[in-house]
Structure formats: structure tokens, C-alpha cells
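Accompanying notes for the structure given below.
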Amino acid sequence: MNSTPAKVRKDIIQRPKGTQDICGEDVERWEYVESLCRLQLQSAGYQEIRTPIFEATELFERGVGEGTDIVNKEMYTFEKSDRRLSLRPEGTAGVVRAFVEQGMGRWPKPVKLYYLGPMFRYERPQAGRQRQFHQFGVELFGLDTPAADAEVILMAMRMFEKLALPNLSLQINNIGTVECRERFKTGFKALLAPQLTQLCADCQTRYQTNPLRMLDCKQDSCKAIYAQPTVKAFLETDFTSEDCQAHFAELVRILDALKVPYQRNPYLVRGLDYYTKTVFEITSTNLGAQNAVCGGGRYNRLVEDLGGPETPAVGWALGMERLLTLVGDLPKRTLDFYIVHDQPAEAFQVAEALRASGYHVEVDLSGKGFGKQFERAAKLNARQAITIGEAEVQNGTIRVKHLHSGEQQATTLTDLLSQLAPAKQP
RNA sequence: GCGGGUGUCGCCAAGCGGUCAAGGCCCCGGAUUGUGGUUCCGGUAUACGUGGGUUCGAUUCCCAUCAUCCGCCCCA
């Protein structure tokens, strides 16, 4: 009708850096993947939990860890009447807070939850990393069994199989309890002390502050040092307790029995402070530098650390954006009927009757000529068009046309419905 | 926070100092005011991210800035 170029470029407001508008075909992919994830978890008795998008900053400081990059430099923090608040940089802390606040410690165990939503991290955007991104996560509270670990891992792996993700690798590791970690620190530091000067500057710092993190150093020179047989043996068997090793052995046994392929990676430590015993990560070589689709592990102390009852837990989170880049093309959504008409009331009645039978129906709203309306029907790739004009209204019929074959016939709504009903039910 | 690439219509994309703003897709209108998907015709950028500079002259060169992409760090 009217052409409004509106070239007021200077006044255009852009979305903030590192954020995304999700629309068009993209949003259909999102919805598809989201619902598949939900169904997978629901079918195993997990229940959704929706927590606030912002929380007290202290929650993340205590929950995620003061030493992590996430709380040190990546949080969106703001103040409102003396309260320090932050946009959630990850999901677990908020869920644990809710667990404690809602008294879920008294719910029948285990408490199995999943969540889905945006997370925020102030980082330089790049492939597979944005400032607002979305995670789908799972948390299982109240059990310290290898079976619990196995179940959450299985959930992720089966979901990814259904989505046919390419080139996946599941890496798992056992990093032990807090006590094991103490043994690790002293043992590892003693082991590395003679070679300390050969390590990179970062590792020399980590040697003092957080030796565990030395293991995921990317420097080849450091990697070589950590790959020495004595070091490797120490990582795999020496520092974790018998209990932790038994736990891990049982987890591995279950995964083997289920034919879930995995790789033990003794250097996998993960960047968050709260993990204990089992940690794992699912990566794909199709992703680029940020190659982790899903990461998680056991966190047996976090609930307590956040003021709750002693409650073991295990969970993971996956990055929706990264997941989506791995998901192939989806089958095209089909439109069953497009209603071409100049009789809106009757058109809507027919549409509603068909929708009630589970069909996907669109009614023309343009009021343009039938030619234009058919054009639209073809553009939307509708299977059939139903024409309702004055003549049809008068003799109580509708005209149904198959748009692929071009065949058309007059019939009545009742006949059409009885013909279709067996084929498709809501 | 650091390093590199890119920036011409909604999308893809030519032009790389002198009537220069091709072309394709999409969209809109018409041929076709009750029947589409094919075809044909027509329409849509006061202008080349923004601001400076060099030049007689810049979309084409330089600088800055913004955005975006890729990498480092770290993570999903």
C-alpha cells in the first residue's frame, strides 16, 4: 500500500552487543529442540523449575566461586536500594537457592529438576559465545549414587542421539571430594615442584592459587609436563579416595553396559568451583574454539554451602546456541489448509472445525482477490485450499483443492471432516 | 581486556578514485477484479555503517569510531 522506506539510520537502536533476535525459521528450530529436550526429561520424571533471571550477587559469589572468571569479570551486576543484584551467569546457583528456600530437602528424594532460559556473561562475543545465551540444564538432588550420575549423563546423550548431533565426544573424570582435593594439592605440588620453573607464567600462578586448574592449561610445554607417566598415574588413581574411585568405577560400568561411548580424561577439571567426584563434558569438533555443548558434574557440597541441608547433587547444563549449530535441517512444517474466501464468518467456522480435528489451518485475512489468496496459499506451501465464496455459502458447500495435483471438488464441511478424521486426531 | 578479518537495499552480491550505485532473491503492484505454484511487465537505496581527512573529485585511499565475525583468555 504505502511505501515507507524510513531511512532514519541515525535513530536506529541496535540490540546490545552479544545478543540475538531469534525469529523466522530460527525460532522454529529453537522450539523444536526445546520441546524435544523437555520431553526427554519429563519422560524420566524431571520437573521444570523457573527461577529469577537475577539474584543476589552474593549467591553467585558463594555458589559459583569467588575464584572463577565468571564472578570475577563476567557478571552483569547492578545496585538497587542497597541491594547488589546480578543477572544470572549460570543456572545451578539459582536452582540450588530455590531448593533451599522452598524446602525441597523435605521433598521425596531424589528431586529431579530441569530448567531452560537465558544466562548472561559479559565476555567478548565469538563463535559459540554470546553475552546473552541460553542454557537447558538438569539438576538431581538428594542422591550420591553412581546411578544418579549415570542417569543425568544418559539423559543428555540420548537427547543428542535423537537430535543426531555429529562428532560428539563424552569426556568424564573423577576429581574427588574436598578432602581428595587437599591430597591433590599437596601431592601435585610436590610432584611438580622440581619442574616449576619450566611452567608457563599462568601455571606458576595457579600453582599457588588453584593447582587443579593447571591441568587445563593450553600451553604445549605445560601439557607435556602434565602428560608424564608419573603425573598421569597420580591424576588417575593416587589422589582420590577409595570411595571416590569405587563410585567412578561403578559409573563407568553402567555407561559401558548402556553402550554409551565415553573417554576418561584425567585433565578435565571444569572451571566452576563447586564440583566433586564426577565431572564430564560433551564436546563436538563441529563447533570451533568453543567446543563444549554440555558440561556438568556432581556437587555434593553446594547445597550446604548455600545454607541448606546436607544434600548431594549432580547436574549439567547445555548451551542452546551451540546445540542449535549442531542440529541439522528440520522437516518443514506443513500447512494443511489455507482458506480462500470473501466470507470471513464462514471461513473462520470452517477453520475452527478443522483445527479442532488437529489440523494446521490459516485463514486469509487480506481481503484481496481469490487469485492473490491462492498465491499466498501456494507461497505458504499449503497442502489444500478451501474456497468459500458467496455461491458456496448459499448452497452450503465448500470447494476443496489439492494444491499439488490441482484437483478440486465441491463438498461439505461435514463430509470433509468425516473423511479426514481417521487420518489425524489432535 | 588483547590480536586479526569484514561493513554497498530485508538477504546474497558487483563496482575498488571520475554520471556508479549492476545483478539475483525476497517484498509490492499489474497482465489475471472466484483459483495459485510457470511466465511476462513494472516498483522499491536523496546513496555505499558513522564521523573526520587526503583529492579538482571518493562507495572506492587514510584515520577514528561503531557494529559484526574469527582467535586468545574462559566457558555453555
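A, B, ... follow the sequence lines: proteins, then strands. Residue 1 opens every chain.
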Q: Select base, sugar-phosphate, or nothing to describe what A:A377 touches, counting heavy atoms under 4.0 Å on all strands.
A: nothing
Q | ring-ring contact (aromatic ring centres under 6.0 Å, His included) against A:Y207, all qualifying residues, sequence neighbours excluded | A | none
Q: Return the nearest nucleotide to the side chain of A:Q126; candidates are B:G37, B:C27, B:C70.
A: B:C70
Q.
Wobble G-U and Watson-Crick pairs count when both distances are under 3.5 Å; given that, what is the 5' to 3' dot-bracket string of RNA chain B, with | for pairing to other strands?
A. ((((((((.[[[..)..(....]]].(((((.......))))).....[[[[[..)....]]]]])))))))....
Q) Rounding to the closest angstrom, what is the interatomic distance between B:G3 and B:A58 at atom P? A) 32 Å
Do any N or O atoms of the protein come closer than 3.5 Å to N or O atoms of nucleotides 40-43 of chain B, and which pairs are they?
none

Q.
Against A:N173, only a single residue in A:E281, A:R264, A:Q263 fulfils side chain to side chain donor-acceptor pair (under 3.5 Å); can you say which?
A. A:R264
Q) Touch check for A:A391, heavy atoms < 4.0 angstrom, all strands: base, sugar-phosphate only, or nothing? A) base
Q: Return the value, rounded to whole Å, for the distance between atom CG of A:N291 and atom C1' of B:C74.
A: 12 Å
Q: May I ask you to check whether A:S86 and A:T77 show a side-chain donor-acceptor distance below 3.5 Å?
A: yes
**Q.** Euclidean distance for P, B:U65 against B:C56 (whole angstrom)
**A.** 28 Å
Q.
Heavy atoms only, 4.0 Å cut-off, all strands: where does A:V340 land among base, sugar-phosphate and nothing?
A. nothing
Q | Set of salt bridge (Lys or Arg N to Asp or Glu O under 4.0 Å) partners for A:E362, sequence neighbours left out | A | none
Q: Using the C1' atom as the reference point in each nucleotide, state the distance between B:A45 and B:C27 in Å, no decimals.
A: 15 Å
(Q) Near RNA chain B, counting only heavy atoms under 4.0 Å, which residues of residues 397-415 of chain A show up? (A) A:R399, A:K401, A:L403, A:H404, A:G406, A:Q408
Q) Quick one: the side chain of A:R124 and the base of B:C72, do they pair up donor-acceptor inside 3.5 Å? A) no
(Q) Over all strands shown, is A:E321 touching base, sugar-phosphate only, or nothing at heavy-atom distances under 4.0 angstrom? (A) nothing
**Q.** Short side-chain N/O contact from A:Q135 to OP1 or OP2 of B:A76, under 4.0 Å
**A.** no
(Q) From CG of A:L287 over to C1' of B:C69, roughly how many Å is that when rounded to an integer? (A) 16 Å
Q: Take atom C1' in B:U55 and the same atom in B:C41, then report the distance between them in whole Å.
A: 44 Å
Q: Please tell me which of the listed nucleotides, B:U68, B:G34, B:C72, lies nearest to the side chain of A:E392?
A: B:G34
Q: Compute both the distance and the angle, then confirm whether A:K401 meets the cation-pi test with A:F374: under 6.0 Å from the six-membered ring centre, within 45 degrees of the axis.
A: yes
Q) Who passes salt bridge (Lys or Arg N to Asp or Glu O under 4.0 Å) against A:K185, sequence neighbours left out? A) A:E182
**Q.** B:C74 OP1/OP2 closer than 4.0 Å to side-chain N/O of A:R206
**A.** yes
Q) B:C28, B:G1, B:C70: which one has an atom nearest the side-chain heavy atoms of A:K368? A) B:C28
Q.
Any donor-acceptor pair, under 3.5 Å, between the side chain of A:Q14 and the base of B:C66, if you only look at N and O atoms?
A. no
Q) For the residue pair A:M75 and A:T57, what are the closest heavy atoms and their distance? A) CE-CG2, 3.9 Å
Q: Any pair with a residue in residues 155-167 of chain A that passes side chain to side chain donor-acceptor pair (under 3.5 Å), sequence neighbours left out, goes on the list, sorted by first then second residue, please.
A: A:Q40-A:K162, A:R158-A:E161, A:N167-A:N286
Q: Please work out if A:E375 contacts a base, only the sugar-phosphate, or nothing of the nucleic acid, heavy-atom cut-off 4.0 Å.
A: sugar-phosphate
Q. Quantified in whole Å, what is the C1' atom distance between nucleotide B:A14 and nucleotide B:G7?
A. 16 Å
Q.
Using a distance-only criterion (donor-acceptor N/O pair, under 3.5 Å, no hydrogens), is the base of B:C73 paired with the side chain of A:E74?
A. no
**Q.** Check: A:H341 and A:E346 side chains under 4.5 Å, non-hydrogen atoms
**A.** no
Q. What nucleic acid atoms does A:E281 come within less than 4.0 Å of, heavy atoms only: base, sugar-phosphate, or nothing?
A. nothing
Q. On a whole-Å scale, what distance lies between the P atoms belonging to B:U35 and B:C20?
A. 45 Å
Q. Ring-on-base stacking between A:F370 and B:U35, under 5.5 Å between centres and under 30° between planes: is it there?
A. no
Q. Partners of A:Y76 by ring-ring contact (aromatic ring centres under 6.0 Å, His included), sequence neighbours excluded?
A. A:Y122
Q.
I want to verify a distance call: between B:U68, B:G71, B:G36, whose nearest atom is closest to the A:A289 side chain?
A. B:G71
Using atom types as modelled, flag every donor-acceptor pair under 3.5 Å from a side chain in residues 131-147 of chain A to any protein atom, sequence neighbours excluded.
| unit_1 | atom_1 | unit_2 | atom_2 | d |
| --- | --- | --- | --- | --- |
| A:R131 | NE | A:E123 | O | 2.7 |
| A:R131 | NH2 | A:E123 | O | 3.3 |
| A:H134 | ND1 | A:E321 | OE2 | 2.8 |
| A:E139 | OE1 | A:Y299 | OH | 2.4 |
| A:E139 | OE2 | A:T92 | OG1 | 2.8 |
| A:D144 | OD1 | A:K277 | NZ | 3.4 |
| A:D144 | OD1 | A:R298 | NH1 | 3.3 |
| A:D144 | OD1 | A:N300 | ND2 | 3.0 |
| A:D144 | OD2 | A:K277 | NZ | 2.9 |
| A:T145 | OG1 | A:A148 | N | 3.1 |

Q: Between B:A76, B:G34, B:C28, spot the one nearest the side chain of A:F133, thanks.
A: B:A76
Q: Please state whether the phosphate of B:G34, meaning OP1 or OP2, lies under 4.0 angstrom from any side-chain nitrogen or oxygen of A:K372.
A: no
Q: May I have the distance from A:R376 (atom CZ) to B:C28 (atom C1'), rounded to whole angstrom?
A: 13 Å
Q) What integer distance in Å separates A:Y122:OH from B:C2:C1'? A) 13 Å
Q. What's the closest nucleotide to the A:R213 side chain, out of B:C74, B:A76, B:C28?
A. B:C74
Q) Can you name the side chain to side chain contact (heavy atoms under 4.5 Å, CB included) partners of A:R83, sequence neighbours left out? A) A:L85
(Q) Between B:U8 and B:G49, how far apart are the two P atoms, rounded to whole Å? (A) 6 Å
Q: Classify the ring geometry between A:Y359 and A:F337 as parallel (under 30°), tilted (30 to 60°) or perpendicular (over 60°).
A: perpendicular
Q: Name the closest nucleotide to the A:R15 side chain, picking from B:U68, B:C70, B:G37.
A: B:U68
Q: Just jot down the salt bridge (Lys or Arg N to Asp or Glu O under 4.0 Å) partners of A:K112, sequence neighbours excluded, or say none.
A: A:E151
**Q.** More than 12 heavy atoms of other groups within 6.0 Å of A:K232 NZ
**A.** no
**Q.** Salt-bridge criterion met for A:E352 and A:R355 (N-O under 4.0 Å)
**A.** no
Q) Between residues 18-37 of chain A and RNA chain B, which residues have a heavy-atom gap below 4.0 Å? A) A:G18
Q: State which residue, out of A:V350, A:T412, A:T397, fulfils the side chain to side chain contact (heavy atoms under 4.5 Å, CB included) condition with A:E392.
A: A:T397
Q) If you look at every strand shown and take non-hydrogen atoms under 4.0 Å, does A:G369 touch a base, only sugar-phosphate, or nothing? A) nothing
